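First comes the structure, then the notes that go with it.
Only a predicted model underlies this, so the values are computations on that prediction, with no experimental measurement involved. Numbers here are sequence positions counted from 1.
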Amino acid sequence: MAALIWTGCFLAPGWLLARRLSEENRLLRLWLALVSGLALAMWLPALWAFLLDFTPRAQWLAALSALVLAGGLAAAEKRWPLRPASDWQGWQGAAACCVPLWLFFCYLLHTHTLLAAADGSLHTGQSTYGDMAMHLAFITSLAGQQKFPPLYSLLPDTPLGYPFLCDSISSSYCQLGLGLRWAYMLPMVWAMACVLLGGYLLFYRWLKGQGRAAVAYWLFFGGGGFGFLYFLPWGGDWSNFARIFTAFYETPTNYVEENIRWVNPVADLLVPQRATLFGWALLFACLYLLYRGALEEKKGYFVPLGLLAGALPLVHTHSFLALGILSAVLLLRALLARPGWRKLAPWAVYAVLAVGLAAPQLLGFTFRQTTGEGFLRLGFNWANEGDNYFWFYIKNIGLVYCLLIPAFVRADKKSRWFYGGGLAILAISEFVIFQPNPYDNNKLLFVWHLLGCGLVAGLLADVWQRLKGRRWRGIAAAAVLALGTVGGALTLAREAGSDYQLFSAADTAAARWLADNSPADARVLTGQQHNNFAASLAGRNILCGSPSYLYYHGLDYAAESAAAAGFYQSPSREGLESWGIDYVLVSRQERAAFAVAEDWFAQNLTLVFQQEDVCIYQVS
């Protein structure tokens, strides 16, 4: 109940803020209210935490601040009455597109988020098997240790430069009494509603029609390239096709062996990558406001655009960068029209707000992390490993990529400029790598792809109109849409059936013991496995986390990694105490990675927990 009351405190000013856009219909106001409330729920607790640390007191003061804001907005409405909103225009298409996919997303969250099995183990799905443990570690450590700005529990005493607001909102729910599973899922359900509604309503405004918006929506969210051709039962061998549903990451949209790297956004970006999910929730609203402000010359939209854009860096830095590139292209369009200073004034307001709010985040967090190894370097064609440049995109993106040129030719000037911002993102992303893992440039490239789907949907709608009266046009339309979405559909079906154990029953019991019996800031010596229950479930600091996280965040962990290996194989009390180790974990993971000196631990430390293959020793 406390969590629901707390959530309502942010939705109230979100709704009143959305109402200030008085030209919008009720459906658009509902979406913008969800987005505004989500942004406030991420940011207000963080702002109070800078003063009070990340405590329950900060959560409730943030909620109180939201209510004060709501009161001020309500008073403003009495003084400056709003024009009534129009009806729920476009709701039929939005419901038909967004509700089924949102419910499917909720089902994936249910099956992928610490789903308890009969034996007490906790399970997840294919796409979340890697990333979820990291996000859980950020959530539980911030909720329990309450230090702010947060530190890496996976590499203690290291400031957390990762855009952490996508996780801190779940930490808030943990402090409000929700269990970890529900605290993880609830804000994601909220954010996904923002993303799906935002994608549809952006297409609806841009393409001016429910049918066109629906085509663009499914090409993007349900899309997949031609990778499914590698799995067809050529020669009658159905076992090859069955691998989609049984193998680990051999799907039509993610099959590295054949250089298929263009993933389905729902399965491999929005479900596992919380920063992308929450970033797109804000980004799609920014793209809508930018379209209205820059291309429809609604100058009042630049103020909310600047506020939302300024909130992006600590939610999802890639989304902030993509928005900046797109905005620069549309500003160039405005400048080429040789406007007077009055027409450029809204752009100046947008720039001042966005840069002014973003600068402290970039200087205090993002740039501090990106000075690490592997950030910001030249590199061509991001993740392509050996294919011809154009063939790589043809087989990866498929139908949408093949139709981009004719779609661009038939588009109107506004659409060309809007898509031109996407082309700028593509051009930059093809030559500059922004993080240690080149593959992560897709977080920029998918914004280009979003605009490409809109462009192609406009072309397909024109062809549909020209074929009016042809008996076979319905069959042709179904075939074209199937070609554009069959790979994504197969990938989503595979994701729905995936099931992998993330933590054993003994892991879960040991994590519970640590959470109940050790200090919140205790440091635990563990192996470097990614599914580390001491960090993910108990929220405790560990000496050195998984290289699959630390390396790709640009962190130097060589000394901690060497120390961890040395302590397991040649331990000494003095060495453990010099690194501040409070507990030592020995489980199947550590035994597999090191020649563990278990006799030494048993003779020199205190065994405080043992269940099946999991032992915890206390150093002092």
Side-chain angles (χ1 to χ4, degrees), residues 122 132-147 150-158 160 171 174 180 502-550 555 557 559-594 596-598 600-602 604-620:
L122 299 177
M132 177 174 285
M134 179 193 74
H135 291 295
L136 289 171
F138 294 162
I139 292 167
T140 54
S141 64
L142 181 55
Q145 299 181 41
Q146 303 182 359
K147 296 178 181 177
L151 302 175
Y152 270 98
S153 62
L154 306 177
L155 196 67
D157 303 325
T158 302
L160 183 59
S171 303
C174 284
L180 180 58
L502 191 60
F503 301 106
S504 70
D507 293 342
T508 305
R512 191 178 304 114
W513 186 93
L514 281 171
D516 293 341
N517 297 280
S518 66
D521 60 350
R523 185 171 300 184
V524 185
L525 174 64
T526 73
Q528 293 177 256
Q529 62 270 17
H530 83 284
N531 54 337
N532 191 302
F533 65 80
S536 298
L537 299 181
R540 298 305 182 255
N541 297 323
I542 61 175
L543 179 57
C544 188
S546 170
S548 61
Y549 302 145
L550 302 179
L555 300 175
Y557 58 94
E560 289 83 356
S561 179
F567 289 146
Y568 274 112
Q569 295 165 168
S570 302
S572 69
R573 181 177 293 274
E574 294 77 12
L576 293 169
E577 291 178 349
S578 70
W579 281 88
I581 304 298
D582 299 299
Y583 297 90
V584 175
L585 169 64
V586 179
S587 71
R588 65 194 181 284
Q589 309 255 35
E590 287 74 24
R591 294 184 184 98
F594 311 109
V596 179
E598 293 195 59
W600 189 92
F601 292 124
N604 293 274
L605 304 182
T606 304
L607 179 65
V608 291
F609 176 89
Q610 183 174 16
Q611 182 172 322
E612 297 178 8
D613 62 343
V614 179
C615 298
I616 299 177
Y617 296 92
Q618 188 170 356
V619 176
S620 61

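- Taken from CG in Leu537 to CZ in Phe503, the straight-line distance is 4.0 Å, to the nearest 0.5 Å.
- Put simply, the side chain of Pro547 reaches to within 4.5 Å of the side chain of Tyr557, judged on heavy atoms.
- Of the inter-residue distances, the one linking Ile581 atom CD1 with Leu605 atom CG reads 11.0 Å to the nearest 0.5 angstrom.
- For residues 565-585, there are no side-chain hydrogen bond (donor to acceptor under 3.5 Å, both in side chains) pairs, not counting sequence neighbours.
- Side-chain contact between Leu180 and Cys174: present, with at least one pair of heavy atoms (C-beta onward) separated by less than 4.5 Å.
- A donor-acceptor contact shorter than 3.5 Å links the side chain of Thr140 to the backbone of Ala535.
- Between atom CG of residue Leu142 and atom CG of residue Leu151 there is a gap of 10.0 Å, rounded to the nearest 0.5 Å.
- Closest approach of Asn541 to Pro156, counting heavy atoms only: CB-CG, 3.8 Å.
- For Thr158, the side-chain contact (heavy atoms from CB on, under 4.5 Å) test picks out Tyr152, Leu155, Leu555, with sequence neighbours left out.
- A distance-only check finds no donor-acceptor pair linking the side chain of Thr606 to the backbone of Val608 [under 3.5 Å].
- Considering only residues two or more places apart in sequence or on other chains, Ala510 meets the side-chain contact (heavy atoms from CB on, under 4.5 Å) condition with Phe533, Phe609, Val614, Ile616.
- Residue pairs satisfying the side-chain hydrogen bond (donor to acceptor under 3.5 Å, both in side chains) criterion with at least one member in residues 611-620, sequence neighbours excluded, are absent.
- Considering all non-hydrogen atoms of both residues, Ala538 and Ala511 come closest at CB-O, 3.6 Å.
- Arg591 meets the salt bridge (Lys or Arg N to Asp or Glu O under 4.0 Å) test with Glu598; sequence neighbours excluded.
- Checking side-chain atoms of Glu560 against main-chain N and O of Ile542 turns up no donor-acceptor pair under 3.5 Å.
- Minimum heavy-atom separation, Ser171 to Phe138: OG-O, 4.1 Å.
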Are Cys544 and Leu550 close enough, and set up right, to give a side chain to side chain contact (heavy atoms under 4.5 Å, CB included), and what steps lead you there?
CA-CA 9 Å; Cys544 188; Leu550 302 179; 4.1 Å; yes

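- The shortest non-hydrogen separation linking Ala137 to Ser141 is O-OG, 2.8 Å.
- Residues Arg588 and Asp507 form a side-chain contact, since some pair of their non-hydrogen atoms from C-beta on lies under 4.5 Å apart.
- Screening residues 514-540 for side-chain hydrogen bond (donor to acceptor under 3.5 Å, both in side chains) gives Asp157-Arg523, Ser518-Arg540, Thr526-Asn532, Gln528-Ser561, Gln529-Glu590, Asn531-Gln589 as the qualifying pairs, with residues at least two apart or on separate chains.
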